[in-house]
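Letters A, B, ... mirror the listed sequences (proteins, then strands); counts begin at 1.
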Amino acid sequence: MAKVLTSRSENYSQWYQDLVIKADLAENSAVRGSMVIKPYGYAIWEKMQAELDRMFKETGHENAYFPLFIPKSFFSKEASHVEGFAKECAVVTHYRLKNDEVNGGVMVDPDAKLEEELIVRPTSETIIWNTYKNWIQSYRDLPILINQWANVVRWEMRTRLFLRTAEFLWQEGHTAHATKQEAIDETIQMINVYADFAENFMALPVIKGTKTDNERFAGALETYTIEALMQDGKALQSGTSHFLGQNFAKAFDVKFANKEGTEDYVWATSWGVSTRLMGALIMAHSDDNGLVLPPKLAPYQVVIVPIYRNEEQLAAISEKVNEIVSKLKAKGISVRYDDKDNRKPGWKFAEYELKGVPVRIAIGPRDLENGTVEIARRDTLEKKVASIDGVDEYIENLLDEIQKNIYAKALNFRAENTVKVDTYDAFKKAIKKGGFVLAHWDGTSETEEQIKNETKATIRCLPLEYEEEEGVCIFSGKPSKRRVLFAQAY
RNA sequence: CGGGGUAUAGCACAGUCCGGUUAGUGUACCUGCUUUGGGAGCAGGGGGUCGCAGGUUCGAAUCCUGCUACCCCGACCA
């Protein structure tokens, strides 16, 4: 097969770029740092959205929509929050253009300056808490459990398709609670929803944990994260859930009358995942032949390619294919029959491999005679001839097996690339090699900062599942009771 | 914002150093024939303000000046 992708070993980051473009997922747009998500890429995102949306609703959340623009003054209300986002905000200052009489073209009309600048939302805590203030008077108004599907803008210095773009799509949940415990429970519930989604739909094993002070969300008391390991040994933060305490309630003066009849500030959470998950999905499973999609998120799970010499043969094949298609559809399997005449079978094989379609069926004159089809699976590239009778059940089981196999492969990769180290020398070697590194840490920001400066590794999280273990910090030698998860990250 | 690079057909590039026919190659596209079980072959065809603005010259993709955009490395990145 003609190589259209740079190989992973040659240049991993080039491979990723090639893959995103060649698999028709997204491309760079005329706007710096902003991408166009193409139909095939967007179809995958829609599958993700549909599952997540279902999971949010099952846990009692409702969707709503808040404005794209946020008055500048809202950002001055929560000090640490503004500090976290100020450097990367897009600001709207004017509301009109006019013809440029001198230079031609158009110019910003200087007479159309806004009284107060508007910030294009980098996240919606401020506008939402300003709104919640009007919605909440009593404990009877609580909890508020709302999610929003939206786009946000963060003016990043350097961008990469899906992984970091100036504008991206995401969902952000914003909840308000009467008690601290209820808010904490919500925060943990949602990180569990994310982990469940990552593992069972994306086939992506993740480590749940909490962030250190340095890495915590601006304005949060606790940030829960799911961290995934990519094939190049770098970590990717794939979703976060924040316990915001009463910070935003205090900043926006959101008080309620509790059962005891006294006034109290509301407890808050926020949680989100973005189109960055597309990056995680691509990097976790794909190979040098292209994308590998888990069946549960593939826009179509099966593609059927006819092989024929003339119209008569095509007609005979199509008749058989239609039977197969209806049987598969009856089992809820999504199928695409590609009988386009302007591409040869070999071209189609390569194309669908590049696009990561989990199962490919080829059917030609030989098969018509024998009552068989050729079935190829994308994850292992294995081909097998199977009888047309019972092909629907065979494929149903095969899709299930592929989903499991992709997960098992990723889990195995992570296991092979996770090490425990006890000295700083060993730590530096392990980080250089790539992967997750479990090590003791003295709990101070200074140590974390120094390690980052010297090795580029950050503490991805303090895993929720860990064993108590006496040890000493690899950097300072001070005592530590548990290991934390280090890695270089995207 | 610091360092480096690039800008020529939809895409990928050559040509620029050393100015001179009609700006070329691959791929993609269109037409026809033969093909079709792993990205087909042959023949013919269409497509270019050579990033923008100015200058030098008989003559500029090529030399000079200014500008703009993009890419890579770094800094930055819940």
Considering Watson-Crick and G-U wobble pairs with both distances under 3.5 Å, what does B:G48 pair with? none
Per-nucleotide protein contact string for nucleotides 29-37 of chain B (B base, S sugar-phosphate only, - none; heavy atom under 4.0 Å): S------BB
A:W129 and A:H81 aromatic centres sub-6.0 Å: no
In whole Å, I'd like the distance from the CD atom of A:Q14 to the C1' atom of B:A12. 12 Å
Counting Watson-Crick and G-U wobble pairs only, both distances under 3.5 Å, name the nucleotide matched with B:G10, or none. B:U27
Please give the distance between the P atoms of B:A14 and B:C33 as a whole number of Å. 38 Å
Roughly how far apart, to the nearest Å, are B:C67 and B:G59 at atom C1'? 26 Å
Centroid-to-centroid, A:F486 to A:F427, below 6.0 Å? yes
Give me the distance, rounded to whole Å, that separates B:G48 from B:C13 when you measure between the C1' atoms they each carry. 15 Å
Please give the nucleotide sitting opposite B:G37 as a Watson-Crick or G-U wobble pair, both distances under 3.5 Å, or none. none
Using purine N1 to pyrimidine N3 plus N6-O4 or O6-N4 for Watson-Crick, or N1-O2 and O6-N3 for G-U wobble, each under 3.5 Å, what pairs with B:G2? B:C73
Can you measure A:H174 atom NE2 to B:A78 atom P for me and round it to whole angstrom units? 17 Å
Got more than 12 heavy atoms from elsewhere within 6.0 Å of CD, A:Q181? yes
Mind checking A:W271 for me? I need base, sugar-phosphate or nothing, with any heavy atom below 4.0 Å counting as a touch. nothing
In whole angstroms, how far is the C1' atom of B:C71 from the OH atom of A:Y16? 17 Å
Could you give the distance from CG (A:L163) to CG (A:L277), rounded to the nearest 0.5 Å? 10.5 Å
Would you mind reading off the distance between A:I21 atom CD1 and B:C71 atom P, rounded to a whole angstrom? 11 Å
Complementary nucleotide for B:C42 - Watson-Crick or wobble, under 3.5 Å: B:G32
Rounded P spacing from B:G26 to B:C50 in Å: 22 Å
Do the charged groups of A:K133 and A:D253 touch, with an N to O distance under 4.0 Å? yes
Tell me: CD1 of A:I459 to C1' of B:A78, nearest whole Å? 16 Å
Does the A:Y194 side chain pair with the main chain of A:G272, one donor and one acceptor, at a distance under 3.5 Å? yes
B:G51 and B:A69, which share atom name C1', separated by this distance in whole Å: 8 Å
Hey, does A:K22 reach any base, or is it just sugar-phosphate, or nothing, if we go heavy atoms under 4.0 Å? nothing
Contact class for A:R360 vs. all strands (heavy atom < 4.0 Å): base, sugar-phosphate, or nothing? base
Earlier contact from the 5' end, RNA chain B, for A:A376 and A:F85: A:A376
So what does A:Q17 touch, heavy atoms closer than 4.0 Å: a base, only the sugar-phosphate, or nothing? sugar-phosphate
Proximity to the side chain of A:W170 - top-ranked nucleotide from B:C77, B:A78, B:G38: B:A78
Could you tell me how far B:C77 sits from B:G19 if I compare only their P atoms? Round to whole Å. 50 Å
Whole angstrom value for the distance that separates P of B:A78 from CD of A:Q237: 8 Å
For A:V359 and A:I402, which heavy atoms make the closest approach, and how far apart are they? CG2-CD1, 3.7 Å
Using whole Å, what does the distance between atom P of nucleotide B:C77 and atom NZ of A:K211 come to? 13 Å
Quick note, A:E88 side chain, CB onward, closest among B:A78, B:C77, B:G74 is B:C77
Pick the P atom in B:C30 and in B:C17, then give their distance to the nearest Å. 38 Å
Complementary nucleotide for B:C58 - Watson-Crick or wobble, under 3.5 Å: B:G20
Can A:E353 and A:R360 be counted as an ion pair, charged N to O under 4.0 angstrom? yes
In whole Å, I'd like the distance from the CZ atom of A:R160 to the C1' atom of B:C70. 17 Å
Residues A:Q14 and A:Q17: side-chain donor-acceptor under 3.5 angstrom: no
Separation of the P atoms in B:A78 and B:A40, to the nearest angstrom: 46 Å
